[in-house]
2 protein chains.
Amino acid sequence: MVTKQQLAGLPEDADLRRADSLAREIFSDVANKWALLIIEALGDRTLRFGELRAEVEGISHKMLTQNLRMLERNGLLDRKVYPTVPPRVEYTLTEPGRGLRATVDAMCGWTHRYLTHIENARDRFDT
Amino acid sequence: MVTKQQLAGLPEDADLRRADSLAREIFSDVANKWALLIIEALGDRTLRFGELRAEVEGISHKMLTQNLRMLERNGLLDRKVYPTVPPRVEYTLTEPGRGLRATVDAMCGWTHRYLTHIENARDRFDT
DNA sequence: CGGCATCCATAACGATACTG
DNA sequence: CAGTATCGTTATGGATGCCG
């Protein structure tokens with residue numbers, strides 16, 4: 001019988017740890033307010049930077065570029081640049097991005113389903 | 001015919017705006033790394049503060065209490081205090097909490113599904 | 001043991017200005 | 001129009017200590 005302890009330090013184990021830390025890294029990237037709101041706003045459309053900025057209420061220029069770069073880096077969206085003047089840049093979700101979008105949709109659905117429930121819980125707690 | 005403009009400012013409209021801002025508020029609370037990791041770690045178990053701290057790798061004492069209070073306030077988890085010495089505090093997801101957990105599960109599933117895909121995208125981007 | 005308060009470093013963010 | 005850089009502020013999060 002081979003125990004977990006005996007396996008510790010073997011290559012397969014190192015791989016698992018690396019995969020875990022990578023998963024955590026991706027999760028940290030993705031599990032933040034602005035990233036999820038951008039993905040939700042984009043949906044299955046193709047939007048320009050300015051349009052996206054208008055859709056995601058309250059986001060600053062800086063936050064939008066920052067998160068768009070991050071999402072692009074992770075392969076969750078495509079960034080298409082048209083070399084015109086003035087420049088035109090379009091963003092579209094990739095297939096992995098649309099996959100994530102499905103889970104964000106679920107989360108938004110959850111939010112609305114429990115809206116009043118949560119509001120009541122808050123009132124109770126705040127007294 | 002009644003247009004949206006004409007409806008603006010009526011009570012029903014104000015209600016909608018309030019619901020939206022509440023939804024956004026809840027979303028901001030919930031769409032953060034630590035909150036989601038806590039919910040995922042808790043699962044359908046009942047865990048003590050210390051156990052939870054051990055489960056959620058890398059979380060500090062402060063972040064854990066802070067997020068637990070927030071989740072409790074929103075009615076996503078139950079906090080049960082046993083007035084013993086030393087004190088014993090147990091946390092369990094409520095029904096709304098378990099609902100959210102389902103979406104977090106989906107998100108974790110998504111992460112693992114696209115792990116290598118994302119890793120490749122990153123390598124491509126970083127060159 | 002779990003919670004709360006304090007202090008402090010630094011990371012996040014918004015505003016602004018400049019570039020292609 | 002979109003992106004980048006800089007600056008100053010605010011917010012976040014860790015460390016520590018004390019209390020019930």
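We name chains A, B, ... by the order of the sequence lines, and we start the count at 1 in each one.
- If you check every strand for non-hydrogen atoms under 4.0 Å, B:Tyr82 touches nothing.
- A:Met63 places its CE atom 6 Å from the P atom of C:dG14, with the value rounded to the nearest Å.
- Residue-environment remark: CZ (B:Arg113) stays at or below the threshold of 12 foreign heavy atoms within 6.0 Å.
- Nearest nucleotide to the A:Arg48 side chain, out of D:dA2, C:dG2, D:dG14: D:dA2.
- For the pair A:Tyr91 and D:dC1, the criterion of a side-chain N or O lying under 4.0 Å from OP1 or OP2 is not met.
- For the pair B:Lys33 NZ and D:dT12 P, the computed distance is 15 Å after rounding to whole Å.
- Without hydrogens or angle criteria, A:Arg98 side chain to A:Leu93 main chain gives a donor-acceptor distance under 3.5 Å.
- Taking 3.5 Å as the limit, the base of D:dG14 and the side chain of B:His61 contain no donor-acceptor pair of atoms between them.
- As rounded to whole Å, 12 Å separates atom C1' of C:dG14 from atom CH2 of A:Trp34.
- In this structure, CD of A:Glu72 is placed 13 Å from C1' of D:dA2, rounded to the nearest angstrom.
- No side-chain donor-acceptor contact under 3.5 Å links A:Thr103 to the backbone of B:Ala106.
- A straight line from CG of A:Leu68 to P of D:dG3 spans 7 Å, rounded to a whole angstrom.
- A close approach under 4.0 Å does not occur between any side-chain nitrogen or oxygen of A:Arg88 and OP1 or OP2 of D:dA2.
- No side-chain heavy atom of B:Asn32 sits less than 4.5 Å from a side-chain heavy atom of A:Asn32.
- At whole-Å resolution of the value, CD in B:Glu57 and P in D:dG14 are 13 Å apart.
- Taking the six-membered ring for Trp and thresholds of 30 and 60 degrees, A:Tyr114 and A:His117 have ring planes more than 60 degrees apart, a perpendicular arrangement.
- Comparing B:Arg69 and B:Lys62 along DNA chain C, the residue whose closest nucleotide (by nearest heavy atom) sits nearer the 5' end is B:Arg69.
- Separating the CG atom of A:Leu52 from the P atom of D:dA2 is a distance of 10 Å, rounded to the nearest angstrom.
- One can place CD1 of B:Ile38 at 14 Å from C1' of D:dG13, the figure rounded to the nearest angstrom.
- With the nearest nucleotide of DNA chain C identified for both B:Pro87 and A:Gln66, B:Pro87 has the one nearer the 5' end.
- No engagement by A:Arg53 is indicated, since no non-hydrogen atom pair under 4.0 Å with the nucleic acid exists.
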